[in-house]
Amino acid sequence: MRAILVGLGVVGQSLLQMLSERYEELRDRYGIGLRLVAVADSGGAITKASGLNPARVLQAKRAGGLKSLGDGNFTDDPLGLIGELEADILIDATPTNIVDGEPSYSYIRSAILHGLDVVTVSKGGLALYFPALKELAAHRGVVLRFSGTVGGGMPAIEFGKECGRSDRLEKVVGVLNGTTNYILSRMEDTGQTFRDALGEAQRLGYAERDPTLDISGLDTACKITILANEVLGMGATLSDVRVSGIEEIDVDEVRAARERGLAVRLLGVADGRRLEVSPQTVGERDPLAVKGALNAVTFKASYSGSHTITGKGAGGPETATSILRDLVAIKMVRVAEVSRI
Ligand code: HSE
């Protein structure tokens, strides 16, 4: 597989690390012999048709930037590369932008138009343009995978699809943001105010320095939009979600809920008609009442009942693993095609 990797933040760097540490295992066990023909960040891209060494790219990125690699060719137009280079797959690990989905949206669209399969962990482009991108991918016969956009390394999308395979899914309800869950569970357990719990989450590295997307509920809104499309077939975009965040939650409210055996959680809800993100109470023994930075998603099916998956919803190595999972899935699709010929 010849791959173009765009985005070298925490997840992109973790992927490089994994590719260098697990090269033989990925090749021998999963048949993924990934050749990185280009790697790009916001400063430009390095290309090399015979393949870049992931460990050396990582070292250069951490030392002085991609230009300092001393291997391959540098270009300051990474997007233009997609039509020029011979490649099979685009791996998009660019940051989430919910205003216009860029640069993820343009990378994904261009890759699909040039016949590349796509793996993305970036939520903005997908949440804003999901139905259009899926239709374009189907029309061009390419695979578009995005496991890491919901739940980090936890395979929430795959689990949900499996729950619905022989059943009928009615509803998806999820704690989909680790930062807000950390804040709410600290308010619950220690009596801290929202501001103090947020400060603690930032000090511990759970929350972004600018945690607006998390606490406003917009990060959860992106994730429930993606789940609603992929698992419930809703054909929705981010603007269809009614969103309220946790900024106004008072510690007294959290304490009063606890005294009644309830926990306040920021929930994303999709039921086939309605999409909503808001703080709600759940029973303290409900599987959604997870603590700390965990995520949990319940899929309610007509015949088999409710199924919940829980796990770490973020993190570099965790989300990089979701990229590898998607690469394995793409490999399986392509191998199945060849064996049908
Ligand atoms: N900021 C997100 C969270 C992680 O706190 O869950 C990335 O989706």
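Excluded from the calculations below are hydrogen atoms, water molecules and symmetry mates; all remaining heavy atoms, backbone and side chain alike, are included. When a ligand or atom number is given, it counts from 1 through the structure's own listing order.
Using a cut-off of 4.0 Å between Lys/Arg side-chain N and Asp/Glu carboxylate O, Lys291 and Asp189 are scored as salt-bridged.
Summarising the geometry, atom CZ belonging to Arg62 is positioned 10.0 Å from atom CG belonging to Leu8; distances are rounded to the nearest 0.5 Å. Of the inter-residue distances, the one linking Glu284 atom CD with Arg265 atom CZ reads 10.5 Å to the nearest 0.5 angstrom. To the nearest 0.5 Å, the span separating CD on Glu84 from CG on Leu79 amounts to 10.0 Å. In this structure, the separation between CD1 on Ile89 and CZ on Arg334 is 9.0 Å, given to the nearest 0.5 Å.
Residue-to-ligand polar distances keep Asn295 apart from ligand 1: every N/O pair is separated by 3.5 Å or more. Considering backbone and side-chain N/O atoms, Gly178 comes within less than 3.5 Å of an N/O atom of ligand 1.
Near Lys123, with a cut-off below 4.0 Å to any heavy atom, the atoms of ligand 1 are 7 (C), 8 (O). Atoms of ligand 1 lying under 4.0 Å from any heavy atom of Ala314, numbered from 1 in the order shown and given with element: 4 (C). Those atoms of ligand 1 with a heavy atom of Asp214 less than 4.0 angstrom away are 1 (N), 2 (C), 3 (C), 5 (O). Ligand 1 places these atoms under 4.0 Å from at least one heavy atom of Thr179: 3 (C), 5 (O).
When heavy-atom distances to ligand 1 are checked against a 4.0 Å cut-off, Thr180 has no atom that comes that close, whether in backbone or side chain. If you look at Asn177 next to ligand 1, the close heavy atoms, those under 4.0 Å, come from the backbone and the side chain alike.
For Ser104 and Asp92, the side-chain atoms include at least one donor-acceptor pair closer than 3.5 Å.
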